[in-house]
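Here's the structure we're looking at; comments come further down.
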Protein chains: 4
Amino acid sequence: MMTSTGPAERRAGRPRDPGIDAAVLRATVKELESTGYQHLSLAVVAEQAGTTKPALYRRWPSKQQLVLDALSANLGELVTPLTECTLCDFVDGILIFLDAFHRMPPNVLAPLLADCDGDPELRAAFMRTLFDPPRAAVDRVITHALAQGDLRPDVDRSLVLDFLASFVYYRVLFQHESATMDEIESAVSVLLRGMATDFQRLLEIADVRRGNPAVHEHHMHLATAGA
Amino acid sequence: MMTSTGPAERRAGRPRDPGIDAAVLRATVKELESTGYQHLSLAVVAEQAGTTKPALYRRWPSKQQLVLDALSANLGELVTPLTECTLCDFVDGILIFLDAFHRMPPNVLAPLLADCDGDPELRAAFMRTLFDPPRAAVDRVITHALAQGDLRPDVDRSLVLDFLASFVYYRVLFQHESATMDEIESAVSVLLRGMATDFQRLLEIADVRRGNPAVHEHHMHLATAGA
Amino acid sequence: MMTSTGPAERRAGRPRDPGIDAAVLRATVKELESTGYQHLSLAVVAEQAGTTKPALYRRWPSKQQLVLDALSANLGELVTPLTECTLCDFVDGILIFLDAFHRMPPNVLAPLLADCDGDPELRAAFMRTLFDPPRAAVDRVITHALAQGDLRPDVDRSLVLDFLASFVYYRVLFQHESATMDEIESAVSVLLRGMATDFQRLLEIADVRRGNPAVHEHHMHLATAGA
Amino acid sequence: MMTSTGPAERRAGRPRDPGIDAAVLRATVKELESTGYQHLSLAVVAEQAGTTKPALYRRWPSKQQLVLDALSANLGELVTPLTECTLCDFVDGILIFLDAFHRMPPNVLAPLLADCDGDPELRAAFMRTLFDPPRAAVDRVITHALAQGDLRPDVDRSLVLDFLASFVYYRVLFQHESATMDEIESAVSVLLRGMATDFQRLLEIADVRRGNPAVHEHHMHLATAGA
DNA sequence: TGCTAAGCGAGACGGTACGTCCCGTCTTAAT
DNA sequence: ATTAAGACGGGACGTACCGTCTCGCTTAGCA
């Protein structure tokens, strides 16, 4: 990824043509839109940008980094005004995640993430660039709701974030579809209100069973095996 | 993907050596475990299986189909006993999804799904093979809970499934981590009980705003753009 | 190659369809004419003949044998009337060799021979089928000329054959061209008359040198190395 | 085929590793010697040379060209000292052709030539590389003999060349055998001296027949059909 | 007449070798 | 010293064709 060179740090030798940087990023987005990530050929990107492969590799260490850079420009600002209506804010939160998806070419995010697997630095870059920004935006919503006393304080805030985010990611990644406003509102309703008819009762039944905790033992290794 | 030919339908020509099928599937899983999906080489798989590439291509039209077939064997049965404790059953449901993940090599699912994008048939095969089975297993849980009257009947059952599933997928795909039993129980609690302190109040506030629906207009195109 | 089954030797089982033999030979010649020997595909031949590859392999053990069989039918009779004009007969002898070439598709003989190399049996079959017949025909010419006392009796008759034959083969194989009648007559003239102005003188000079035979010693291993 | 680039013509890009060129040529000759041309596998050659197939295809457009290049290196210089003994020189001429054959692996020339058929460029390359050099060497012999007045000036020099060459090629290709010195000397004797007892008489008889040229008419199309 | 054996069309088989694509790197001449 | 340019070495791909095999059926002679 490109890091700013700070205070005009002058280097010897022929200076880089900054037009190439821009042209390559432009060509990358264009190719991503038409070809997707998987079959994206850097040779083609270079040609589209009117330059050559080595010029690309001089600027970005890998296809992944290049694509991350190209996409991050597309992401832009992700904010939503906070209101007194927590339900509305939650809906807006989900819409922020959706928006983040829709701002970039389809068939890119998932293979890119897959391609970043294995290299921790790349994963971190992916997270920093594409994963965290919408989360940060939605985190404001949760903070606001908590401050207003609309959420039970014993609920872990990252759990709330996970529910809001995962709902969107799941639908987009696995079902290739967005959500209608109705579905989104239903989801928010359920999250806020819960889906049980009588939670207390369920809890009591569970507590009874927990008197004999053996039943759950076999789950422990499953739940923690991958941690 | 290899589909059973049904009622012993006899075909002309030399029959396939079923030993090669088995050896290739075995070698594929082995290679997936050591190499991952991305850099899986069919030539290496063939060699490991003691056969050749054309024998592979005769059986599976693509790397994706081969891997799907190889993984589906690993998936096996995914069931959980139903109890009277809906809370416990929900926890078990989440554990089913987790289990499904842990039964297969890491760094395979995401790139495979990414690689299936674009070809609808492949996507469908992925869904049928790896996505639907745990969902079907968990669906039993929800049916049971509904039958017992533990869930509000107005809650869409596929929404419940999505919440349970997405929580797991999100964690595994993006955070590379499983969940502890405590986290899982918290998640289930929140889903069943809801996270709001006073949902009725939130709903009333929202209803007031809906008198002026203009504020939400700008969301509409976001929410439905990808549908 | 097909060997006659002798005296109506009856075998059990379903008899071969003789129509297939004929159809395959026909298709082979046709394919040889359009495709040449090198890229001749037995699968295509089988299809052209309205049958299948195994039926071919049941009849001929190899592509080479099949082609030999197919060509031998094309060769037919190769004879020329003997006259009292030895010069004319020699010309006719060369024409016999040329005729033999022209009776079969181009781009077949050389690769077929090359393909028969290595297997002595195949080579022998090639010789028997395509090489010997024209030689036998021309041998009559030489016998006749010797009987008439037109050739010096100390000249090896196989050497004469070789000269007549090699002249043709060389031009056809390496120069892809036939010979005009003028060229053929020139060649015959030279063979019969010799190309030296004064052979006796040349012989004497050579005999002088042979007094010091050392000069030729280094040739011996060359001349006999491949024998 | 690799042609020298002439006057140190500098090209952009990474220069070829000349070690690979050499190693491949070496491996090719080695494989030709053990395997022959027909079953020569470029993958094996590449492996033997410690490189890969694409590196081969970058250098030579086809198996044929590669083999031509590999063999041409083996051919080396083909010359013979000219003496005053024309008979000896002719023997040496034949030995040059024989030598050219013996300098390269068996079972290569014929299938290679066969494989070059059809592509005029390849044929030309074959001729240039393997066919012409020994001819050129022997041409010197004929020029010398003519200059010394040992050959009748009305004899076409290319006819002489053809006789010397074809004798060797025929023997090697079709009879898989070299010639003894005695056979070679006999052949040269016959060529120089002629094989007729009384050529003048034969010519007269022929001239008589030519008064009725009809007898030869049917040959005309045979002799020129392939021209 | 029923049995046995071989050939039949059909089609896929196991496997060799092919020729190509694309990656990421290196070397050159120019700036 | 660093660029633009271009070819490089190499891993993997997906295919064409080979010669063989297995099937279910047909056709005959033998019993």
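So you know, we letter chains A, B, ... as the sequences are listed, proteins then strands, and number each from 1. These values consider heavy atoms only, across backbone and side chains, with no hydrogens, waters or symmetry-generated copies.
For the pair B:N107 and B:Y37, the minimum side-chain heavy-atom distance is 4.5 Å or more. Within the 4.5 Å cutoff, side-chain heavy atoms of D:L42 are placed close to those of D:Y57. In this structure, B:D17 and B:T51 have side chains that are not in contact, with every pair of non-hydrogen atoms separated by 4.5 Å or more. At least one side-chain heavy atom of C:F126 sits under 4.5 Å from a side-chain heavy atom of C:L109. Contact of the A:R59 side chain with the A:D69 side chain is not registered, since no non-hydrogen atoms from C-beta on lie closer than 4.5 Å. In this structure the side chain of D:R123 reaches within 4.5 angstrom of the side chain of D:L113, judged on heavy atoms.
Comparing C:S62 and D:P18 by the nucleotide of DNA chain F that holds the closest heavy atom to each, the one mapping nearer the 5' end is D:P18. Annotation: of the two residues near DNA chain E, B:A55 and C:P54, the 5′-most nearest-nucleotide partner is C:P54.
Donor-acceptor pairing under 3.5 Å, judged by distance alone, is present between the side chain of B:R58 and the base of E:dG14.
Whole-Å rounding puts the D:L66 CG to E:dC18 P distance at 11 Å. D:D21 has its CG atom 13 Å from the C1' atom of F:dA7, to the nearest Å. Rounded to a whole Å, the CG atom of C:D115 is 9 Å from the P atom of F:dG19. Per the geometry, CD belonging to B:E31 stands 10 Å off P belonging to F:dA12, to the nearest Å. For C:K63 and F:dC18, the NZ to P distance is 6 Å, given to the nearest whole Å. One can place CZ of C:R14 at 6 Å from P of F:dT27, the figure rounded to the nearest angstrom. Across the protein-nucleic acid pair, C:L56 atom CG and F:dC18 atom P stand 11 Å apart, rounded to whole Å. As rounded to whole Å, 15 Å separates atom P of E:dG24 from atom CH2 of A:W60.
When heavy atoms are screened at a 4.0 angstrom cut-off, B:K53 is found touching base atoms of the nucleic acid.
Of all nucleotides listed (F:dG11, E:dG14, F:dG14), F:dG14 comes nearest to the side chain of B:Y57. Ranking F:dT20, E:dG9, E:dG19 by closeness to the C:I20 side chain, first place goes to E:dG9. In the set F:dC21, E:dA17, E:dC8, E:dC8 carries the atom at the smallest distance from any side-chain atom of C:R16.
Heavy-atom distances under 4.0 Å link DNA chain E to C:T51, C:T52 of residues 32-52 of chain C, given in residue order.
Counting heavy atoms of neighbouring residues, nucleotides and ligands inside a 6.0 Å radius, atom NZ of B:K30 does not exceed 12 of them.
For A:R59 and F:dT2, the shortest distance from a side-chain N or O to OP1 or OP2 is not below 4.0 Å.
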